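This one's a predicted model, so the numbers in the text were calculated from it and none came from an experiment. The basis for the numbers below is simple: all heavy atoms, side chains too, and nothing from hydrogens, waters or symmetry mates.
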There are 2 protein chains.
Amino acid sequence: MGEQRAERADAARNRRAILGAAEELLRSHAPDEVSIERIAAAAGVGKGTVFHRFGSRVGLMRALMEERVRALGEAVAGGPPPLGPGAPPRDRLVAFLDAVVGVAARNGRLITAHDHALATRRHAEGRLTDNPVYLSWHAHVTSLIAEARPDLDADLVAHVLVGSMHNEGVARLLLAGESERVAAGMRAMAESLLR
Amino acid sequence: MGEQRAERADAARNRRAILGAAEELLRSHAPDEVSIERIAAAAGVGKGTVFHRFGSRVGLMRALMEERVRALGEAVAGGPPPLGPGAPPRDRLVAFLDAVVGVAARNGRLITAHDHALATRRHAEGRLTDNPVYLSWHAHVTSLIAEARPDLDADLVAHVLVGSMHNEGVARLLLAGESERVAAGMRAMAESLLR
DNA sequence: ACAGAACTTGACCGACGGTCCAGTTAGGAG
DNA sequence: CTCCTAACTGGACCGTCGGTCAAGTTCTGT
């Protein structure tokens with residue numbers, strides 16, 4: 001498992017340019033209007049470069065997502081309660097769902113775009129539930145539920161809760177700026193559920 | 001609003017053949033392996049005929065879905081309690097979710113295929129939340145929740161519950177034959193939620 | 001300064017949903 | 001039974017898009 005040789009400077013510059021262009025385009029267009037060629041053009045690189053860097057459309061979206069989500073992951077693993085360790089599971093779950101809704105709201109169509117990429121992939125490439133972000137969110141929620149309500153099917157309930165970030169009805173509210181309403185609703189559900 | 005002239009006999013025969021072929025192919029293949037051309041070939045008709053009958057890939061999937069869901073809709077509107085009117089909302093919701101999980105389990109990849117068609121559509125054609133089936137399920141669940149728990153955001157919670165039938169984590173359990181587990185989990189959630 | 005690994009590029013490919021229209025056929029009117 | 005026409009059929013064709021690749025270019029360690 002030797003350390004890989006570092007990325008060349010020009011390559012790193014292009015990676016940033018591509019990520020930035022994709023983010024910008026996704027801010028103002030639906031995912032199916034944002035082809036890879038368009039992203040490449042906006043980034044000032046060739047289409048081949050995008051695939052060289054990210055492997056596929058799904059890979060690009062995944063990279064975009066991981067970038068936007070890193071801070072939350074760190075806060076959960078080692079930050080202060082109630083997000084980090086130390087608080088009771090019910091409070092941690094409420095705080096976590098709040099944070100997740102916040103991320104989803106701030107990043108508009110990103111999750112939608114990732115799901116869209118998954119649905120339109122040409123070559124098999126794993127499922128939503130193989131996505132590292134989904135996986136870690138689901139694992140976290142599962143363990144909190146299992147701790148607070150051992151009688152529930154934690155795995156399933158976690159899918160329902162985390163999966164709602166990939167739910168069109170919910171996504172529409174988020175895009176419409178009603179993130180506070182979504183956060184409140186999720187909070188109410190979490191509180192009803194963990195009793 | 002005049003009554004349309006009835007469908008010609010050969011057209012009706014082909015409609016059945018297409019629906020049957022699609023269902024059969026979906027039983028044993030992932031949605032992205034089932035192109036319209038393949039369905040047409042299996043049905044023994046030309047590709048053009050499929051589009052003439054159903055308008056688009058989404059239209060075909062929608063027709064398939066509505067066919068498989070009609071009985072449930074009738075039971076909800078006019079059947080005996082607890083599915084039909086008369087029972088308390090909590091019981092009706094539990095019964096309804098049970099029935100919905102049953103439909104989803106019995107029809108394997110159908111819902112997935114419908115969502116896939118929506119995601120890969122070439123021309124705008126409405127969203128999941130415009131689908132008559134989704135719409136009616138969501139409306140029903142919303143009204144039951146609103147009646148039993150006026151303090152909850154019924155619309156949002158209904159999206160989360162109904163949307164889980166379109167959730168990959170849940171769909172995988174269903175495909176794996178664990179529908180009893182899904183039903184039990186949904187039941188537990190519904191009971192925790194409506195108190 | 002140089003070698004060679006890393007990177008870039010855009011023409012090209014295959015797949016697929018959807019369109020179109022020339023040709024065929026059902027089935028009611030007379 | 002014949003005829004007329006609206007309904008239906010089918011498959012060649014189109015545009016788009018994700019992904020590939022071989023040939024050329026540019027870093028960068030020595």
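- Residue-to-nucleotide proximity on DNA chain C shows that, of A/Ala11 and B/Arg13, the 5′-proximal contact is made by A/Ala11.
- Phosphate contact (OP1/OP2 of D/dG10, side-chain N/O of B/Thr49, threshold under 4.0 Å): present.
- With D/dA7, D/dC27, C/dC16 as the candidates, the nucleotide lying closest to the side chain of B/Arg8 is D/dA7.
- Atom-to-atom, CZ of A/Arg38 to P of D/dC17 comes out at 9 Å; the value is rounded to the nearest Å.
- Of all nucleotides listed (C/dG18, C/dC7, D/dT9), D/dT9 comes nearest to the side chain of B/Arg53.
- Between the CD atom of B/Glu125 and the C1' atom of C/dG18 there is a distance of 11 Å, given to the nearest Å.
- Map A/Gly48 and A/Glu33 each onto its nearest nucleotide of DNA chain D; the residue landing nearer the 5' end is A/Glu33.
- Residue contacts shown for A/Ala9 are limited to sugar-phosphate atoms, with no base heavy atom under 4.0 Å away.
- With C/dG17, D/dA6, D/dT9 as the choices, the nucleotide that has an atom nearest any side-chain atom of B/Arg57 turns out to be C/dG17.
- Using a 4.0 Å cut-off between charged nitrogen and carboxylate oxygen, B/Glu67 and B/Arg16 count as a salt-bridge pair.
- Rounded to an integer number of Å, the gap from A/Asp10 CG to D/dC27 P is 5 Å.
- Regarding B/Ile39, its CD1 atom lies at a distance of 11 Å from the P atom of C/dG18, rounded to whole Å.
- The side chain of A/Asn14 lies closest to C/dT8, out of C/dG10, C/dT8, C/dG18.
- Judged by distance alone, the side chain of B/Glu33 and the main-chain N or O of B/Ala30 form a donor-acceptor pair under 3.5 Å.
- The CD-C1' distance, from A/Glu37 to C/dT9, rounds to 12 Å in whole Å.
- Residue B/Glu7 contributes atom CD, which lies 19 Å from atom P of D/dA6 at whole-angstrom precision.
- In this structure, A/Thr120 reaches neither bases nor backbone, as no heavy-atom distance under 4.0 Å exists between it and the strands shown.
- Between the CZ atom of B/Phe54 and the C1' atom of C/dT19 there is a distance of 18 Å, given to the nearest Å.
- Using a 30° and 60° split on the angle between ring planes, A/His114 and A/His166 fall in the perpendicular class, above 60°.
- Considering only side-chain atoms of A/Arg122, the nucleotide from C/dT25, C/dG18, D/dG18 that sits closest is D/dG18.
- D/dC17 atom P lies 16 Å from atom NE2 of A/His123, rounded to whole Å.
- Distance from the side chain of A/His52 is smallest for C/dT8 among the nucleotides C/dT8, C/dA11, D/dG10.
- Taking 4.5 Å as the limit, some side-chain heavy atom of B/Arg62 sits within range of a side-chain heavy atom of B/Pro132.
- The backbone N or O of B/His138 lies less than 3.5 Å from a partner atom in the side chain of B/Thr142, making a donor-acceptor pair.
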